[in-house]
Trainee: 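So that we are looking at the same thing, I have put the structure below in structure tokens.
Worth knowing before you read on, the calculation uses all heavy atoms, side chains too, and leaves out hydrogens, waters and symmetry mates.
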Amino acid sequence: LINFWVHIMGQDWLDLTHITFSPWSIKARWALAELGVQVDRLSENRPGIDDLWLRYVTSRWNWSDVLTVPVCVVYDSNGRWKQTLPESLDIALYADDHRSPGKDSLFPSSQKEEILSWNTEMDKGQRASRSLFFYQAQTDPTIIPEMFEQMAPTLFKWGPMRPIGLRIFSGIPQTMLAKYPTDASTDPDVVRDVLLKIRSRLASGNGEYLFGDRLTYADISSAAVIQGIAPISDDVVRCPAVMRRAATLEPYAAEFPDLVRWRDDLHKKHPGLSQDIVRKK
């Protein structure tokens, strides 16, 4: 179903499904941009609609298996499926192996294992902050109605469909908390501990990068954690206003303004997210 006639002979054809404002998708797109690897199709994930496709390309046919994005499907130059990259890290590692000439690796060989270990720690912080986001959406009575108005398909807002749409949206936080279970009693501490690790690592180095004197995937994964407590401005990553408000975890943003500034400065020095990563046809 893909128009392979636009494919450049001899190169892989990349089909990336993502959510624009998701920290995990941000990591993948930023890595692709920094490494000079373009995709041939970039699609916004449509929950429910894209589920069957995602199960097919990831072979997650057990209905208890959680579907996540980003997912990148790689085809060869003849249009045959080659591999599926089911996680942000997989996409970044693929991009690193296929980076454009002159681009530095995001996983320097001498630090690769340490960077991978660091990413695992950052993922813990991301998962915990995601849960805090949905807890906030549950407890703030204004978030779900605003989310419905800003993000629901027009059909759901029409006449008799409106109560049904509101009921569906009101169940989203609980559905997502069940889909991505964490320990509510420890989530706040997990987020804070991860942020303290970033601060400590920066203080022990040059204050600019976490590993050495240039950008690595450790910086990208750390910036994604900060995205989960203080979303970056719309000129870098577009985000519906209600999602930005729900994702802003004020206690952490207030305690770690230095990390928010560090993340903002990092994006200014490496503006990959402002670049178009889709290959021109």
Side-chain angles (χ1 to χ4, degrees), residues 11-45 54 57-58 66-75 81-127 129-130 194 197-198 201 208-228 232 236-237 262-263 266-267 269-279:
Q11 293 182 329
D12 287 344
W13 203 99
L14 306 184
D15 182 2
L16 178 63
T17 301
H18 73 136
I19 296 174
T20 299
F21 50 82
S22 160
W24 280 273
S25 293
I26 287 171
K27 288 197 292 187
R29 295 198 314 275
W30 198 358
L32 286 163
E34 287 299 324
L35 294 165
V37 176
Q38 293 183 305
V39 302
D40 296 272
R41 185 164 70 179
L42 181 65
S43 305
E44 193 76 18
N45 181 50
L54 290 173
V57 297
T58 60
V66 174
L67 295 176
T68 62
V69 292
V71 169
C72 187
V73 184
V74 182
Y75 301 88
W81 176 87
K82 189 173 180 180
Q83 66 182 122
T84 296
L85 308 169
E87 304 285 349
S88 303
L89 179 61
D90 301 317
I91 296 168
L93 288 168
Y94 170 91
D96 206 68
D97 288 340
H98 296 79
R99 62 187 183 272
S100 294
K103 295 289 186 178
D104 290 327
S105 172
L106 293 176
F107 303 88
S109 57
S110 62
Q111 299 171 307
K112 184 173 183 178
E113 292 307 314
E114 196 174 1
I115 290 171
L116 292 174
S117 178
W118 182 268
N119 179 68
T120 298
E121 290 300 306
M122 296 303 103
D123 269 348
K124 293 177 184 177
Q126 281 184 247
R127 288 192 295 270
S129 66
R130 176 176 57 196
V194 167
K197 284 180 181 177
I198 299 172
R201 180 83 192 190
E208 187 174 4
Y209 300 110
L210 290 159
F211 288 80
D213 58 359
R214 61 181 176 84
L215 184 77
T216 69
Y217 193 70
D219 300 297
I220 290 175
S221 62
S222 299
V225 174
I226 299 163
Q227 177 72 10
I232 200 165
V236 179
V237 177
W262 171 78
R263 184 274 315 272
L266 194 67
H267 280 286
K269 286 179 284 193
H270 302 278
L273 288 173
S274 301
Q275 299 173 14
D276 185 1
I277 63 168
V278 180
R279 200 191 317 273

Trainee: Quick one: salt bridge (Lys or Arg N to Asp or Glu O under 4.0 Å) pairs with a partner in residues 85-94, sequence neighbours left out?
Mentor: R60-E87

Trainee: I need the I220 CD1 to R29 CZ distance, nearest 0.5 Å.
Mentor: 11.5 Å

Trainee: Verify, without hydrogens or angle tests, whether T84 (side chain) and P86 (backbone) share a donor-acceptor contact under 3.5 angstrom.
Mentor: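 No.
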
Trainee: Counting N and O atoms only, with roles assigned by atom type, does the side chain of D97 sit under 3.5 Å from a partner on the main chain of Y94, one being a donor and the other an acceptor?
Mentor: no

Trainee: Donor-acceptor pair, S25 side chain versus F21 backbone, under 3.5 Å?
Mentor: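 No.
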
Trainee: With a 4.5 Å cut-off on side-chain heavy atoms, are D219 and W118 touching?
Mentor: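 No, their side chains stay 4.5 Å or more apart.
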
Trainee: Once you round to the nearest 0.5 Å, how far does OG of S105 lie from CG of D96?
Mentor: 3.5 Å

Trainee: Using the side-chain hydrogen bond (donor to acceptor under 3.5 Å, both in side chains) criterion, which residues pair with Q38? Sequence neighbours excluded.
Mentor: none

Trainee: Would H270 and W30 count as a close aromatic pair, with their ring centres under 6.0 Å?
Mentor: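 Judged by ring-centre distance (under 6.0 Å), H270 and W30 do not meet the cut-off.
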
Trainee: In Å, rounded to the nearest 0.5 Å, how long is the span from CD1 of I198 to CE of M122?
Mentor: 4.5 Å

Trainee: Given side chains that start at C-beta, do those of K27 and Y217 come closer than 4.5 Å, heavy atoms only?
Mentor: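 Counting from C-beta outward, K27 and Y217 do come under 4.5 Å.
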
Trainee: Under 4.5 Å between any side-chain heavy atoms of L266 and L215, yes or no?
Mentor: yes

Trainee: Would you say T17 and V57 make side-chain contact, with heavy atoms under 4.5 Å?
Mentor: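 SC-SC contact between T17 and V57 ruled out.
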
Trainee: Would you compute the distance between atom CD of Q227 and atom CD of Q126 and round it to the nearest 0.5 angstrom?
Mentor: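 Between atom CD of Q227 and atom CD of Q126 there are 9.5 Å.
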
Trainee: In Å and rounded to the nearest 0.5 Å, what is the CG to NZ distance from L35 to K103?
Mentor: 8.0 Å

Trainee: Heavy atoms, side chains only, cut-off 4.5 Å: are L16 and L14 in contact?
Mentor: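 L16 vs L14: side chains apart.
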
Trainee: Check whether any side-chain heavy atom of L93 sits under 4.5 Å from a side-chain heavy atom of L89, and report yes or no.
Mentor: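 Counting from C-beta outward, L93 and L89 do come under 4.5 Å.
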
Trainee: Of all the heavy-atom pairs spanning P271 and E34, show the shortest one and how long it is.
Mentor: N-OE2, 4.1 Å

Trainee: Looking only at heavy atoms, which two atoms of R214 and P108 are closest? And how far apart?
Mentor: NH2-CG, 3.4 Å

Trainee: With sequence neighbours excluded, what pairs up with R201 under the side-chain hydrogen bond (donor to acceptor under 3.5 Å, both in side chains) test?
Mentor: E114

Trainee: Taking all heavy atoms of A33 and all of G272, pick out the closest pair and write down the distance.
Mentor: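 Looking at all heavy atoms of both residues, the closest pair is CB-O, 3.3 Å.
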
Trainee: State the NE2-CG distance between H98 and D12, to the nearest 0.5 angstrom.
Mentor: 5.0 Å

Trainee: For the side chain of N45 and the backbone of I19, is there at least one donor-acceptor N/O pair under 3.5 Å apart?
Mentor: no

Trainee: For a 4.5 angstrom cut-off between non-hydrogen side-chain atoms, does W262 reach S222?
Mentor: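 Of all side-chain heavy-atom pairs linking S222 with W262, at least one is under 4.5 Å.
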
Trainee: Going by heavy atoms in the side chains, are S88 and N119 under 4.5 Å from each other?
Mentor: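 Counting from C-beta outward, S88 and N119 never come under 4.5 Å.
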
